[in-house]
Amino acid sequence: MNKAILCSHCGQDWLKLFIIRNSQEQFHMCPECESIWLEGQDIQDETEVYLGEFLESKGISWEEVAEYAD
């Protein structure tokens with residue numbers, strides 16, 4: 001993501017790109033409200049996915065996620 005995009009859910013922080021280390025799956029997340037946008041999901045639209053539920057559905061912990069660096 002080249003340009004800063006304000007979270008459309010809370011409007012209080014900028015979205016950051018993260019990656020799951022073992023699968024290389026990428027997702028955008030708002031550090032403030034922990035809302036998540038999955039690959040292919042329009043980050044301008046509202047989301048109903050949150051960090052805790054996402055990690056649980058993948059069977060992983062936060063330690064298996066890293067902020068994506070180009």
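Position 1 is the first residue of the sequence, and the numbers go up from there.
The line from CD of Gln44 to CG of Leu6 is 9.5 Å long, rounded to the nearest 0.5 Å. Considering CG of Leu15 and NE2 of His28, their distance stands at 6.5 Å, rounded to 0.5 Å. Taking OG from Ser8 and CD1 from Ile43, the interatomic distance works out to 8.5 Å, rounded to the nearest 0.5 Å.
Cluster partners of Ile20 are Phe18, Phe27, Met29, Ile36, Leu38, Val49, Leu51, Phe54, Leu55, Ile60, Trp62, Val65, counting Ile, Leu, Val, Met, Phe, Trp and Tyr whose side-chain heavy atoms approach within less than 4.5 Å, directly or via other members.
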(message) Applying side-chain contact (heavy atoms from CB on, under 4.5 Å) to Cys7 and Asp13, what does each step give before you reach the verdict?
(response) CA-CA 6 Å; Cys7 177; Asp13 207 345; 5.5 Å; no
(message) Please determine whether side-chain contact (heavy atoms from CB on, under 4.5 Å) holds for the pair Cys10 and Ser35, giving the CA-CA distance in whole Å, both sets of side-chain angles, and the decisive distance to 0.1 Å.
(response) CA-CA 9 Å; Cys10 73; Ser35 293; over 6 Å; no
(request) Go through the steps for Trp14 and Ile5 under the test side-chain contact (heavy atoms from CB on, under 4.5 Å), then give the verdict. (result) CA-CA 5 Å; Trp14 306 100; Ile5 297 180; 5.5 Å; no
(request) Using the side-chain contact (heavy atoms from CB on, under 4.5 Å) rule, take Glu67 and Leu17 through it: C-alpha gap first, then chi angles, then the decisive distance, then the call. (result) CA-CA 6 Å; Glu67 189 169 346; Leu17 185 59; over 6 Å; no
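Among residues at least two apart or in separate chains, side chain to side chain donor-acceptor pair (under 3.5 Å) pairs with a member in residues 47-60 are His9-Tyr50, Glu25-Lys58, Gln41-Thr47. Within the structure, the salt bridge (Lys or Arg N to Asp or Glu O under 4.0 Å) test picks out no pair touching residues 30-43 (sequence neighbours left out).
Without hydrogens or angle criteria, Trp37 side chain to Cys30 main chain gives no donor-acceptor distance under 3.5 Å.
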